[in-house]
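Okay, so here's the structure we're looking at.
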2 protein chains.
Amino acid sequence: MHDGSPSSQAAPPDDVTERLGYRLKRAAAALRGAMDGALRERGLTVPQYACLELLDQRPGLSNAELARGAFVTRQSMNVVLRGLQDAGLITRPATTDRGRALPAHLTEEGHRRLAAARSVVYAIDQRMTGAVPERRLADLLADLDHMAAALEG
Amino acid sequence: MHDGSPSSQAAPPDDVTERLGYRLKRAAAALRGAMDGALRERGLTVPQYACLELLDQRPGLSNAELARGAFVTRQSMNVVLRGLQDAGLITRPATTDRGRALPAHLTEEGHRRLAAARSVVYAIDQRMTGAVPERRLADLLADLDHMAAALEG
DNA sequence: TCATGCATGTCAGGAGTTTGACATGCAAGA
DNA sequence: TCTTGCATGTCAAACTCCTGACATGCATGA
């Protein structure tokens with residue numbers, strides 16, 4: 001280990017664009033831009049789509065749970081829910097017997113809009129996933145997970 | 001190919017959290033949060049730090065070039081530059097002979113603040129990089145690059 | 001020469017997000 | 001019992017960022 005690639009305690013490369021953080025940010029920005037443009041034509045924002053997707057898989061999620069799932073604050077998700085509610089894509093009870101969390105559910109229209117949006121998002125996911133060798137995909141998913149866990153801890 | 005993991009034209013997993021886009025977003029959000037908190041104590045925002053880092057490596061970059069390098073719009077970078085200029089961390093000529101682009105440069109104070117911020121950002125980068133097996137790091141960087149390129153095209 | 005295209009810098013407006021704060025509801029322990 | 005802690009929902013204000021638009025400067029080709 002006299003040159004080349006030092007092992008565990010190596011400092012980040014001098015060139016910013018060679019650092020993991022920069023690459024991560026670039027990929028995330030590209031994804032955000034692509035989804036933003038595609039969803040705009042469907043009349044949805046990225047957080048709105050994320051919210052619908054989460055509710056489809058786990059109906060009854062509360063505002064706070066949705067916020068965590070979409071990586072935004074409770075306050076932000078609150079306005080997102082309000083918008084979706086006004087648009088008639090979700091329903092949420094005004095009160096509840098048990099606790100304070102208000103469970104949200106998709107409406108029929110919500111399911112339709114989600115299905116329409118899903119097709120374009122799938123296409124984007126395909127384009128992105130297709131850019132990485134298939135045998136490396138599982139490792140990639142795992143690494144991203146570990147990175148997030150290491151930073152959240 | 002009758003079950004298990006179909007190859008190239010497979011649809012994204014039903015579980016949102018298993019999709020590449022979700023993992024990417026989660027990791028990026030975690031990174032953003034970590035950097036945000038660490039830099040706040042140094043009196044810098046993430047775009048401001050990115051701007052300083054870019055200018056350190058390639059002095060004389062214009063507003064538009066910095067914007068592309070930091071993945072924001074020209075308008076956003078413009079206010080960032082204004083802030084850094086008011087704080088005395090960078091300098092930018094009011095006019096220029098050739099063309100319209102105004103080359104920015106770090107001041108002495110800018111170098112100092114960048115050096116201080118760099119230490120905490122390095123620590124975060126270490127934490128993140130340390131979470132992925134070393135022999136996979138190069139592939140990971142390449143894959144992220146390919147993903148971004150596939151989406152930008 | 002001049003017209004068209006392109007990139008840059010900048011202003012104005014609006015949409016989205018965050019920070020800070022407060023009240024409500026439940027659970028666990030003194 | 002009650003009180004402390006914690007999570008939730010919500011309001012208000014500030015900030016950040018983006019979209020849309022316009023003027024400037026250079027290059028290219030008619």
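Hydrogens, waters and symmetry mates play no part in the numbers below; they use all other heavy atoms, side chains included. Below, read A as the first sequence line, B as the second, and so on, with proteins coming before strands; counting in each chain starts at 1.
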Using whole Å, report how far CE of B/Met77 lies from P of C/dT10. 13 Å
Side-chain atoms of B/Leu102 come closest, of C/dT17, C/dT10, C/dT18, to C/dT10
To the side chain of B/Gln75, which of C/dC11, C/dT19, C/dT17 is closest? C/dC11
Hey, does the side-chain of A/Gln48 have a donor or acceptor N/O within less than 3.5 Å of a partner on the base of C/dG16? no
Look at the side-chain N and O atoms of A/Arg92 and state whether any lies under 4.0 Å from the OP1 or OP2 oxygen of D/dT10. yes
Note: A/Arg19-B/Glu53 ion pair, threshold 4.0 Å (strictly below): yes
Is it true that atom CG of A/Asp86 has more than 12 heavy atoms of other residues, nucleotides or ligands lying nearer than 6.0 Å? yes
Using atom CG of B/Leu66 as one end and atom P of C/dA7 as the other, report the distance to the nearest whole Å. 17 Å
Could you tell me how far apart A/Leu44 (CG) and C/dA15 (P) are, to the nearest whole angstrom? 17 Å
Taking atom C1' of C/dG9 as reference, at what distance in whole Å does atom CD of B/Gln85 sit? 13 Å
Using only side-chain N and O atoms of B/Thr73, determine if any of them is under 4.0 Å from OP1 or OP2 of D/dC18. yes
Which whole-number value in Å describes the distance from A/Arg32 CZ to D/dC17 C1'? 10 Å
Basic-acidic side-chain contact under 4.0 Å: A/Arg26, B/Asp145: yes
For the side chain of A/Arg82, starting at C-beta, report the closest nucleotide among C/dA12, D/dT8, D/dC11. D/dC11
Would A/Gln126 and A/Thr129 count as having a side-chain donor-acceptor pair, cut-off 3.5 Å? no
Does the side chain of A/Ser76 get closer than 4.0 angstrom to OP1 or OP2 of C/dT18 through an N or O atom? yes
Distance in angstrom units between B/Arg100 CZ and D/dA27 C1', rounded: 16 Å
May I ask you to evaluate whether B/Arg74 reaches the phosphate of D/dT19, defined as a side-chain N or O under 4.0 Å from OP1 or OP2? no
Find which nucleotide of DNA chain C each of B/Ala64 and A/Val79 is nearest to by heavy atoms, and output the residue with the more 5' nucleotide. B/Ala64
Quick check for you: among D/dG9, D/dT16, C/dT17, whose closest atom lies nearest to any side-chain atom of A/Ala101? D/dG9
For D/dA27 and B/Arg98 - does any side-chain N or O of the residue sit under 4.0 Å from the phosphate oxygens OP1/OP2? yes
Over 12 foreign heavy atoms within 6.0 Å of CG, B/Asp15: yes
Rounded to the Å, how far apart are A/Asp97 CG and D/dT8 C1'? 16 Å
Round to a whole Å and report the spacing from CG of B/Asn78 to P of D/dT19. 16 Å
